[in-house]
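Worksheet for the structure shown next.
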Amino acid sequence: MTGPSYRELHARSLAQREEFWLAAAEQVHWDREPLRALDDSAAPIYRWFPEAELNLSYNCLDRHVQAGRGDQTALIYDSAVTGTVRSYSYTELTHEVAQCAGMLRELGVAAGDRVIIYLPMIPQAPIAMLACARIGAVHSVVFGGFAAKELASRIDDASPDVVLTASGGIEPTRKVEYLPTVDEALRLASHQVRHVVVQAREGFAHSREEFAAGWNASASTSSNTDPNTGSNTDASVDSPAHWHDWAGLAARAEPAAPVAVRATDPLYILYTSGTTGRPKGVVRDQGGTAVALTWSMQAIYDVGPGETMLTASDVGWVVGHSFIVYGPLLVGATTVLYEGKPVGTPDAGAFWRMIQQHRITALFTAPTALRAIRKTDPEAALVADYDISSLRHLYAAGERLDPVTQGWITDALGVPVIDNWWQTETGWPIAANPVGIEALPVKEGSATVPMAGYDVVILDAAGEELPAGQEGNIALRLPMPPGTLPTLWGDDQRYIDSYLAAFPGFYTTGDSGYLDADGYLFVMGRTDDVINVAGHRLSAGAIEAVVASHPAVAECAVIGLQDELKGQRASGFVVLKSGRTDDPKTLQSELTELVRRDIGPVADFKTVAVVAALPKTRSGKILRKTMRQIADGEQARVPSTIEDASVLEDLIPVLRPRR
Ligand code: COA
Ligand code: AMP
C-alpha cells in the first residue's frame with residue numbers, strides 16, 4: 001500500500017472536509033471551478049460546491065471522446081430476454097445522447113424542467129437520463145414494475161412536460177405492455193403532460209408508424225372495467241398529450257451540446273417508499289453527484305478507464321442510477337446494461353457468461369439474486385463453464401447480505417464479496433470495504449466501515465450515542481458528504497421532518513445496527529414500516545391502503561416477514577367487516593390482484609391471513625413490529641400499552657403456524 005490508509009483518509013474527510021472534497025473535485029471537469037466545498041448557510045439544508053458549474057453528460061461522455069477514447073466501448077446492452085448484445089462506443093453514445101437531448105429541447109424542455117422516464121432495461125434508458133443531464137433537465141425514472149397509480153403520483157409530484165417510454169418491457173414469463181399503463185397514469189394524474197415519446201419495441205401492440213402519425217389514446221378500443229370500483233380504466237379517454245415516435249423524432253433533431261449548470265442544481269428526482277403511502281422525491285444534485293460517484297468508483301468499486309462493470313440492477317433504482325449509468329461513465333469505464341434475470345434467462349450461469357464475454361472486473365448485484373442462483377445451482381457448477389478470471393470483486397447491496405450467502409458465493413467465485421450499505425437518499429455507499437484504497441479484512445454480516453464524509457453513530461431512543469457492540473438507530477452526523485440528498489423535491493420541511501427531526505444534528509437512516517470495537521458496521525434491519533422485498537423498498541402503509549380499499553376489509557396490517565429467497569415478503573393480516581364471510585382463498589387472490597393493479601407486480605403481495613382482530617396499543621397503534629418479531633421467531637417486545645393481550649395470544653398460531 002502506497003497511499004494513505006483507510007483510517008487516515010476517513011479521519012481527514014471529517015476533520016478537513018473542505019480540503020478533502022475540493023481535492024476529490026479535481027477529478028471532475030468543471031465549467032466553473034469550485035472555490036469552496038460546503039455551503040452550510042441554510043443548515044440543516046446543506047449544499048455542495050456552490051458557485052461551481054459543470055455538465056454531467058459532458059463529464060460522462062464528451063470528455064472521454066476528447067481525451068482520445070471515443071472508440072472505447074461505453075455501454076454494452078446485453079439482453080438475455082431478446083438474445084441481443086449491442087455495444088456503443090463513447091463516440092456513438094455521445095451522438096445518441098446529443099440527438100435525444102436535441103429531441104427534448106425541440107419538445108420545449110429547458111433547464112430545470114422535469115422529464116419522467118418509464119422504460120425497461122434498454123439503451124434508451126441511460127440515453128434519456130444523460131440527455132436530460134445534457135440540457136440541464138431533471139429526470140425522474142420510474143421503475144417499470146410500478147402500476148399506473150404509482151406513475152401518476154410521481155407525475156403529479158414532479159410535474160413533468162414530457163414522459164419518455166417504450167411500447168413494452170419483457171419479463172421472462174410475459175410481455176409487459178407499457179402504453180396502457182402510461183395512458184391510465186396520464187388520466188389519473190392532475191398534472192397535464194405535454195408530450196409522450198415512445199420507443200417502439202418489436203412484438204408490442206403499437207407500431208412505430210402509429211406513434212409517428214400522432215397515435216393517441218383515443219385510437220384504442222379495448223375495454224377494461226375495474227372489477228372493484230366499476231370505473232373505466234381503459235385507454236379510450238382522450239389525453240391532451242401529443243404522442244411521438246422516439247426514433248423518428250430523435251433522428252430528425254438538431255443535436256444538443258452540453259450546457260453548464262450549477263453544481264447545486266437538481267440532476268434528478270428518484271421516488272422512494274417511506275412509511276406513508278406518499279412516495280418521497282429524493283433530490284440528487286449535479287456537482288456533489290459527480291464528485292462522490294467518481295470517488296466511489298475509485299475507492300470502493302476499484303474500476304477505472306477501459307475496465308468493465310456490470311451492475312445487475314434496474315435503472316429505476318438508485319443502484320442503477322449510480323452504478324449502471326453515472327459512476328462507470330464518469331470514470332471512462334464500460335458499463336453493462338443487463339436486460340434479464342439472474343436465473344432462468346436462460347439459466348443460473350447468466351452472470352458468469354457475461355463476466356467471460358465482456359471481461360467484467362466488478363459485478364454488483366443484490367443478495368436476493370445470489371440466493372436465487374444458489375437455489376437453482378447449489379454447487380455453483382455453472383461457474384466452471386466460464387472463464388471468470390477478469391472478476392476482481394463482487395459487490396452486494398439493497399438488503400442485508402446474510403453470512404450463509406456471502407460464504408457460499410465467496411467460495412464459488414474465489415473473489416472478495418463486498419457488502420455495501422446505502423439508500424436511495426444517500427446515492428452512494430455509507431459503509432463498504434474501500435478496496436480501491438485499502439482492502440480491509442471481510443467480516444461476514446458486516447458492511448465493513450463508514451466511507452469518506454460519513455460520520456456514523458449509533459443512537460438510543462433518547463438520542464444518546466451508544467458504545468461499540470450495542471444496537472440502536474444508525475444515524476449520520478450532519479453534514480453528510482456530497483452526493484447525498486440535499487432535500488426532498490419541493491418540500492424542505494418534509495425532508496427535515498422525515499429525516500432530521502428525530503435526532504437534531506443527525507440524519508436518521510431508518511436502519512438499526514451496531515458498530516463493533518474495530519469500527520465495523522453491522523446493519524440489522526429497518527426501524528420503521530419499510531419492507532424490503534428482493535432488494536425493492538416498499539411501504540407497508542401504501543400496501544395497507546390498497547388492502548383496506550377492498551369492500552370486505554374492516555382493517556388490516558401489512559408486515560415484512562422473513563423469506564428465504566427475497567429477504568422479506570409483504571404479508572397481510574385482515575379483519576373482515578361484520579357480516580362478511582368471504583372465502584379466504586378468494587379474498588387472497590382478489591387482494592393480490594388489487595395490490596398488483598394499484599402498486600404493481602413488484603410488490604409481490606401474495607400472502608394474506610384473515611384474523612379475528614389485530615393487536616393494538618391503547619392509543620390504537622397496530623403492533624406490527626411485535627407481530628413481525630413473533631412470526632420471525634425473534635424475541636418479541638410487547639409494549640406495556642397493549643390494549644388487549646389476548647388478541648396477540650390468539651394471533652400466535654397464525655403468525656407461527658406449525659410446519
Ligand atoms: N416490469 C414489470 N414487471 C416486473 C418488473 C418490471 N421491470 N420487474 C419485476 N416485475 C414483476 C415480475 O415479472 C414478477 O411478476 P409475476 O408476479 O407476474 O411473476 C414480479 O414483478 C416480482 O418480480 P421479481 O421481484 O423480479 O421476482 P421474480 O420471482 O420474478 O424473480 C429474482 C426473483 C430473485 C430472480 C428477482 O427478484 C431478482 O432478480 N432480484 C434482484 C433484485 C434487484 O436487483 N434489486 C435491485 C436492488 S439493488
Ligand atoms: P433503497 O433506498 O431502496 O436502496 O433501500 C435502502 C434500504 O435497503 C436501507 O435503508 C436498508 O434497510 C436496506 N439495505 C440496502 N443495502 C443494505 C445492506 N448492504 N445491508 C443491509 N441493508 C441494506
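Every value quoted in this text rests on a predicted model; they were computed, and no experiment measured them. Note that the numbering runs from 1 along the sequence shown for the chain. Order of listing sets the numbers, starting from 1, for every ligand and every atom in it.
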Residue part near ligand 2, for [X], under 4.0 Å between non-hydrogen atoms:
X	answer
R526	side chain
W317	neither
T424	both
N420	backbone

| For the rings on H536 and F143, is their centre-to-centre separation under 6.0 Å? | yes
Is [atom] less than 4.0 angstrom from some protein heavy atom?
atom	answer
atom 19 (O) of ligand 1	no
atom 4 (C) of ligand 1	yes
atom 9 (C) of ligand 1	yes

| request: Could you pull out all residues at least two apart from Y495 that satisfy ring-ring contact (aromatic ring centres under 6.0 Å, His included)? | output: Y499
| task | Please say whether T509 places an N or O atom under 3.5 Å from an N or O atom belonging to ligand 2. | result | no
Note the single closest protein heavy atom to [atom], along with its residue, its atom name and the distance in Å.
atom	answer
atom 5 (O) of ligand 2	R537 CD, 3.4 Å
atom 34 (C) of ligand 1	T368 CG2, 3.3 Å
atom 42 (C) of ligand 1	A534 O, 3.2 Å

| Taking the inter-plane angle between the rings of H321 and H139 on a 0 to 90° scale, is it parallel (under 30°), tilted (30 to 60°) or perpendicular (over 60°)? |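 Ring orientation, 0 to 90° scale: tilted.
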| query | Between F364 and Y301, what is the ring plane arrangement, given parallel below 30°, perpendicular above 60°, and tilted in between? | reply |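 Correct class here is parallel.
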| note | Note: K606, heavy atoms under 4.0 Å from ligand 1, region reported as side chain
